[in-house]
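Shown next, in structure tokens, is the structure this report addresses.
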Amino acid sequence: MIFDTHAHYDDEAFDADREALFASFREAGIAAIANIGYKKSSIEATHKLADAQDFIYEVLGFHPDETFEMEAEKDTILEWLFGELQREKVIGLGEIGLDYYWDKTEREIQKKWFMAQLDLAKELQLPVVIHSREAAQDTFDIIRNAGIPEGMLVMHCYSYSPEMAREYLKMGYYLGVGGVVTFKNAKKLKETVALAPLAQLLTETDCPYLTPVPFRGKRNDSGKIPLVLDEIARIKGTDRMETETVCYENALRFYRLQEHYGMSS
Ligand code: NI
């Protein structure tokens with residue numbers, strides 16, 4: 001069984017065939033999907049997806065690029081987000097972090113709201129999904145000081161060094177692995193997957209982006225996660241079926257679906 005721990009099915013790339021795609025997932029063994037609502041409109045859209053599909057759960061927060069939305073309503077936005085996070089199918093807070101690649105929002109504003117949302121996650125005891133791009137050290141420093149308990153944080157689409165991965169793993173956090181691991185030039189990520197305990201890896205798509213080989217460049221979807229699992233099993237020399245089962249159990253544990261929804265492998 002497969003858990004897509006990070007997807008964007010509210011993206012317009014799925015407008016033409018979203019329902020057909022969801023119908024195909026039942027036979028493909030896709031048991032659960034965490035849809036990431038990453039700004040106000042995406043949060044609203046994620047509610048609709050989760051209301052309509054029993055296997056879609058909600059992870060909500062403001063992506064670093066979108067923290068200007070928080071700044072524009074700085075006196076009320078945390079209270080608003082707090083309210084959204086009370087919905088029944090909310091299983092995590094994210095994706096939050098820092099993005100110095102796009103620099104769509106001023107860095108100081110990104111940091112301020114990253115830290116504020118980490119505090120909110122702690123208060124609500126929700127697992128956190130981190131987005132970090134070209135901001136390795138600042139992200140690390142903020143997370144190290146945030147006091148998020150072990151097992152309660154995932155570095156989504158991990159793209160930094162194997163050395164830094166060791167530090168996150170030591171803190172008991174998870175690494176999210178998606179299509180990039182199948183790319184020939186993804187040397188650092190393959191090294192990271194080799195050194196990480198299988199029990200600390202989560203499978204994800206970040207769809208519609210980051211499609212695994214041999215579909216690279218086309219639209220991604222949860223049905224392509226088996227290609228990611230093939231590569232993780234190859235790199236680690238683990239049994240393919242066991243790799244799938246362990247990654248699925250990791251996701252259930254991370255998002256606490258057993259506890260809250262009675263799901264098991
Ligand atoms: Ni994402």
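Both counts, for ligands and for their atoms, begin at 1 and track the order of listing. Note that these values count all heavy atoms, side chains included, but never hydrogens, waters or copies made by symmetry. Residues take their numbers from the sequence shown, with the count starting at 1.
- Note that Arg216 lies in the cation-pi zone of Phe183, set by a 6.0 Å cut-off to the ring centre and a 45° limit from the axis.
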Yes or no on ring-ring contact (aromatic ring centres under 6.0 Å, His included) for Tyr255 and Phe3, after CA distance, side-chain angles and deciding distance?
-> CA-CA 11 Å; Tyr255 282 131; Phe3 201 134; 5.7 Å; yes
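- By the 6.0 Å and 45° rule, Arg107 stacks over the aromatic ring of Tyr100.
- The pair Arg87-Asp51 counts as a salt bridge, with a side-chain nitrogen and a carboxylate oxygen less than 4.0 angstrom apart.
- Nearest N, O or S atom of His6 to the Ni ion (ligand 1): atom NE2.
- Atom OD1 is the N/O/S atom of Asp206 found closest to the Ni ion (ligand 1).
- Here the Ni ion (ligand 1) is the vertex; the NE2 atom in His8 and the OE2 atom in Glu95 give an angle of 90° (to 10°).
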